[in-house]
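Single-structure report; data block below.
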Amino acid sequence: MVSDKMYELGSKKSTIRTIFEYGRKRAAEVGEDHICDFSLGNPNVPTPDFIKDAAIDILTNMPPQAVHSYTVAPGDAGAREALAKSINKRFGMSFSRKNIFITSGAAAAITICFKALAEPNDEFLVNAPFFPEYTAFVESVGAKLTVVPANPADWQIDFNAFEKSVNPHTKGVIVNSPNNPSGAVYSEDTIRHMASILAEKEKEYGHPIFIISDEPYRELVYDGREVPYIPKYYEHTLVCYSYSKCFSLPGERIGYIAVPDTVPKFDVVFGAIAGAARVLTHVNAPSLWQRVVARCADKPADIAPYEKNGKLLYDGLKEAGFECVRPQGAFYLFPKCMEDDDYAFCERAKKYDLLLVPGTDFGCSGYFRVSYCIATETIERSLPLFKKLAAEYK
Ligand code: PLP
C-alpha cells in the first residue's frame with residue numbers, strides 16, 4: 001500500500017531522537033537539573049541580535065509583496081550577489097550570483113547535489129565517522145553510500161583505505177570538515193592529498209568525481225585553525241553551506257550551494273542542480289531568510305562558548321580516563337567507550353543521567369558522541385558523573 005522504505009524511514013526514530021525523547025521524559029520525572037543531555041546538535045548560543053535587527057528592518061521597510069513573494073528558484077538576485085561577494089572577500093574567489101543556488105539549509109543542499117549527480121549504479125564515498133542522515137539522502141536518489149573505514153588515532157582520513165575505496169562507480173566524495181561527530185578539521189595538506197588522488201582517479205576512469213563539501217560547521221573552529229576552501233584545490237567541487245550552526249538558525253532552513261566557475265561543464269552542472277531542486281519541490285528557499293543572511297553574511301559567528309565547552313569537556317573526559325581526540329571544530333567529541341559494545345555503554349551511562357549517542361549510528365562502533373552545544377553548567381555537572389561511569393570499568 002505504501003513504500004516499505006518510506007514507511008521504515010518515517011516510523012523508525014533515529015537513535016539520537018530516541019535518546020533526546022527519553023531525556024525529556026526523564027527530566028519530567030527527576031527535574032531538568034539532573035539530566036546531562038549530550039544528544040542533539042541544536043546550537044545553544046543565542047541567535048545574534050544582528051539577525052533579529054536585519055529581519056525586523058526587512059519586514060518593516062520592504063514592501064510585504066517583495067519580502068513574501070516567490071523568488072526565482074536559485075534565490076533572490078540581490079541576495080545571491082551579496083553571498084557571492086562575501087565568499088570572494090573571504091576566500092579570494094571571483095563568484096557572482098550565477099554561482100549561488102540558495103537552499104533550505106545544508107540538508108537540502110547536499111541532497112540536491114546527490115540528486116543532480118546520481119546516475120544508475122553511482123556511489124558516493126564518505127569517511128567514517130559520518131552524519132547518519134547521509135545514508136537516507138544518498139539512497140533516496142538511488143545511489144549507494146560507500147563508507148571508508150575510520151582512522152580513530154586522529155579521525156583524519158586513512159588515505160590507504162580511501163584510495164582503495166574509490167572505484168569506477170564513485171561519482172562523489174562527501175567531505176564534512178569540521179566534522180560531525182568527530183570534531184576533526186582537515187588541513188590544507190589533507191585536502192591537497194585527497195584532491196591529487198581524485199584527480200588521478202578521474203583520469204583513470206574517464207569521468208568526473210565530485211567533492212560535495214558539506215560545511216555547516218565551517219565557522220566553528222578553534223585555536224585559530226583555518227578551514228581550506230576546497231574549490232581552490234579541486235575543480236569538481238560543490239560547496240554546501242548552512243547558517244543553521246554559525247548563526248543559530250536551524251529552524252529557519254537557510255543555506256546555499258556554491259558551484260564554482262572552475263567546475264567543468266558549469267552550465268550542465270548548474271542546470272542539473274536546478275532540475276534536482278525542482279523535482280525535490282524546492283520552489284525557493286525561505287524568502288525573508290534569503291535576505292537576512294545576505295545582509296549578515298560577513299558577520300562573525302560567536303564561537304567562544306563552544307570553544308570553552310569543548311576544552312572543559314575534553315579535559316574532564318581525559319581526567320576521567322577516556323581516550324578522546326582533542327576538539328578542533330564543530331561542537332562534538334567522539335571518545336572511545338570503555339567496553340566494545342557502544343549501545344551497552346551508552347545504556348549504562350543512563351544510570352547517571354548522562355545521555356550519550358552510540359558511535360555505531362555514525363558508522364563507527366565502540367565510540368560515543370557527545371554534543372557540547374549545551375549550558376557550561378551542565379558540562380561541569382557531568383564531569384564527576386563521567387568519573388563515576390569510568391570507575392565502573394576499573
Ligand atoms: N550536515 C551535517 C554534517 C550536519 O551535522 C547537519 C545538521 O546537524 C546537517 C548537514 C544539516 O544541516 P541544516 O540544518 O543546514 O540542514
Side-chain angles (χ1 to χ4, degrees), residues 14-17 19-20 37-45 47 51 75 83 100-115 124-138 140 145 147 150 155 172-186 211-221 227 230 238-258 276-277 280-282 285-286 289-290 292-293 296-297 301 306 310 327-334 357 359 361-364 369-374:
S14 76
T15 310
I16 298 174
R17 276 273 144 199
I19 295 168
F20 173 70
D37 185 353
F38 292 98
S39 65
L40 288 190
N42 214 357
N44 75 315
V45 167
T47 307
I51 293 284
L83 297 179
I100 306 294
F101 195 104
I102 305 180
T103 62
S104 302
I110 51 184
T111 308
I112 289 170
C113 290
F114 299 146
K115 181 86 180 160
F124 291 89
L125 222 76
V126 70
N127 290 286
F130 61 91
F131 178 50
E133 291 298 282
Y134 291 151
T135 311
F137 297 167
V138 165
S140 79
L145 187 74
V147 179
W155 303 124
V173 173
I174 305 165
V175 173
N176 173 224
S177 163
N179 184 268
N180 173 10
S182 72
V185 175
Y186 297 157
I211 288 181
I212 296 114
S213 182
D214 181 22
E215 307 192 348
Y217 303 98
R218 165 170 281 281
E219 319 307 336
L220 277 50
V221 280
V227 181
I230 304 181
L238 302 175
V239 177
C240 297
Y241 188 81
S242 167
Y243 293 93
S244 291
K245 313 289 176 174
C246 61
F247 290 162
S248 302
L249 282 175
E252 304 302 350
R253 314 306 306 136
I254 194 78
Y256 62 79
I257 304 167
L280 292 170
T281 70
H282 152 87
W289 295 99
Q290 292 187 34
V292 171
V293 297
C296 302
Y306 298 137
Q328 299 184 321
F331 39 50
Y332 309 102
L333 287 177
F334 202 57
V357 185
D361 281 55
F362 304 91
C364 207
R369 188 187 80 168
V370 271
S371 271
Y372 57 79
C373 48
I374 56 174

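Read the numbers this way: they start at 1 and go in the same order the structure lists the ligands and their atoms. From a predicted model like this one, the values you see are computed outputs, not experimental measurements.
Side chains of Asp37 and Ser39: a donor-acceptor N/O pair is present below 3.5 angstrom, by distance only. No side-chain N or O of Gln290 forms a donor-acceptor pair with one of Tyr256 less than 3.5 Å apart.
Proximity of the aromatic rings of Phe114 and Phe137 is defined here by a centroid distance below 6.0 angstrom, and this criterion is not met. Between Phe124 and Tyr134, the distance from one ring center to the other does not fall under 6.0 angstrom. Side-chain rings of Tyr217 and Tyr332 approach one another, their centers coming within less than 6.0 Å.
Every protein residue with a heavy atom nearer than 4.0 Å to ligand 1 is included here: Gly105, Ala106, Ala107, Phe131, Tyr134, Asn176, Asn180, Asp214, Pro216, Tyr217, Ser242, Ser244, Lys245, Arg253.
Applying the salt bridge (Lys or Arg N to Asp or Glu O under 4.0 Å) criterion to Arg253, with sequence neighbours excluded, gives no partner residue.
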